[in-house]
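Below is one structure, written out as structure tokens, with a few remarks after it.
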Amino acid sequence: MIESGDFAYKVNDGEAEKASNSYLMSLVAIIAGLPLPIINLIATLIFYLGNQRSTPFVRWHCTQALFSQLSLVVINSIGFWWTFSILFEERAINNDYVAYMIVLFIFNLLEFIATIYTAIQTRKGIHVKWWFYGDLSNSIVKHQSI
């Protein structure tokens, strides 16, 4: 579930662009790091750390983008290593593996769509709060937004 609304203050254009870039960073990292999930997390972490002295809006969205990448790295790593074990340890593909890969694909697709949507809305200065990640971002940034 994604909620859209206003932030606690009027966001200027520069803030909106920087906050939007936090989501775009993860999309660009997907292209470079698709086979290795940790690359996406590292790229988003670097962007997050680089914006720690930024405005609350930018920090909040960098934090939310980082949390989304943390969950993706866990889910994708399991799929990566499971596939690796099938390819190199001569394990059989079973129903559990196929089901996990389908769920993995759907989760990644939904996260990709949500990231694009959030980047576009955030660039317009609209505050987008994801279910679960938004509440975690509020607790880290210590700035209630919605």
Side-chain angles (χ1 to χ4, degrees), residues 1-5 7 11 14-146:
M1 179 177 188
I2 297 177
E3 294 178 29
S4 295
F7 202 65
V11 177
E15 286 178 282
E17 183 175 1
K18 259 188 171 177
S20 176
N21 288 344
S22 66
Y23 299 102
L24 293 177
M25 176 60 66
S26 65
L27 294 175
V28 169
I30 287 171
I31 295 166
L34 196 55
L36 298 171
I38 194 74
I39 292 174
N40 302 348
L41 179 63
I42 291 169
T44 306
L45 179 64
I46 289 168
F47 194 81
Y48 168 82
L49 292 173
N51 283 289
Q52 283 303 289
R53 294 184 183 199
S54 198
T55 63
F57 185 77
V58 173
R59 283 184 291 136
W60 194 94
H61 284 281
C62 287
T63 304
Q64 181 169 259
L66 182 63
F67 282 133
S68 75
Q69 288 302 308
L70 281 170
S71 63
L72 274 181
V73 80
V74 170
I75 292 167
N76 289 343
S77 291
I78 292 168
F80 176 82
W81 290 111
W82 197 345
T83 301
F84 190 83
S85 72
I86 288 171
L87 293 173
F88 298 107
E89 295 178 11
E90 297 181 24
R91 292 187 180 191
I93 295 175
N94 58 25
N95 288 341
D96 293 340
Y97 174 77
V98 172
Y100 190 84
M101 287 297 143
I102 291 170
V103 169
L104 178 95
F105 175 77
I106 291 169
F107 187 81
N108 275 276
L109 181 64
L110 291 174
E111 199 275 341
F112 186 76
I113 292 167
T115 299
I116 291 172
Y117 171 80
T118 304
I120 292 168
Q121 295 302 320
T122 304
R123 179 62 182 95
K124 295 176 185 176
I126 299 169
H127 181 58
V128 179
K129 180 181 170 184
W130 293 12
W131 173 81
F132 187 68
Y133 303 131
D135 292 334
L136 286 174
S137 297
N138 279 341
S139 66
I140 297 295
V141 177
K142 297 185 189 318
H143 182 81
Q144 297 297 323
S145 54
I146 292 181

What is the distance from atom CG of D96 to atom CE of M101, rounded to the nearest 0.5 Å? 11.5 Å
Is there side-chain contact between F67 and I140, with at least one heavy-atom pair below 4.5 Å? yes
Shortest non-hydrogen contact from A19 toward T122: CB-CG2, 3.3 Å
Quick check on E90: does its CD atom have over 12 non-hydrogen neighbours (other residues, nucleotides or ligands) under 6.0 Å away? no
Could you check whether any side-chain heavy atom of Q69 comes within less than 4.5 Å of a side-chain heavy atom of L45, counting everything from C-beta outward? no
Sub-4.5 Å side-chain heavy-atom contact between N108 and E111: no
Between Y133 and T63: side-chain donor-acceptor atoms closer than 3.5 Å: no
Between atom OG of S77 and atom CG of L72, what is the distance when rounded to the nearest 0.5 Å? 10.0 Å
Would a 4.5 Å heavy-atom cut-off, applied to side chains only, mark L41 and L66 as touching? yes
Which of parallel (below 30°), tilted (30 to 60°) and perpendicular (above 60°) describes F88 and F84? tilted
Any chance you could measure F80, atom CZ, to S85, atom OG, to the nearest 0.5 Å? 10.5 Å
Is the shortest side-chain heavy-atom distance between T55 and V58 below 4.5 Å? yes
Does atom CG (N94) have a neighbourhood of more than 12 heavy atoms from anything else shown, all under 6.0 Å? yes
Heavy-atom pair of closest approach, residues Q64 and V128: NE2-O, 3.1 Å
Under the side-chain hydrogen bond (donor to acceptor under 3.5 Å, both in side chains) rule, what do W130 and S68 come out as? Steps first, then yes or no, please. CA-CA 9 Å; W130 293 12; S68 75; over 6 Å; no
Angle class for the H127/F57 ring planes (parallel below 30°, perpendicular above 60°, tilted otherwise)? tilted
If you take all heavy atoms of S20 and A119, which pair is closest and at what distance? OG-O, 2.8 Å
Classify the angle between the aromatic ring planes of Y100 and W82 as parallel (below 30°), tilted (30 to 60°) or perpendicular (above 60°). tilted
CD1 of I75 to CG of L104: how many Å apart, nearest 0.5 Å? 7.5 Å
Are S71 and F107 close enough that some pair of their side-chain heavy atoms sits under 4.5 Å apart? yes
Heavy-atom side-chain contact between L70 and V74 under 4.5 Å: no
Atom pair CZ/CD of R59 and Q52 - distance to nearest 0.5 Å: 7.0 Å
Which heavy atom in N51 sits nearest to a heavy atom in F47, and how many Å separate them? ND2-O, 2.9 Å
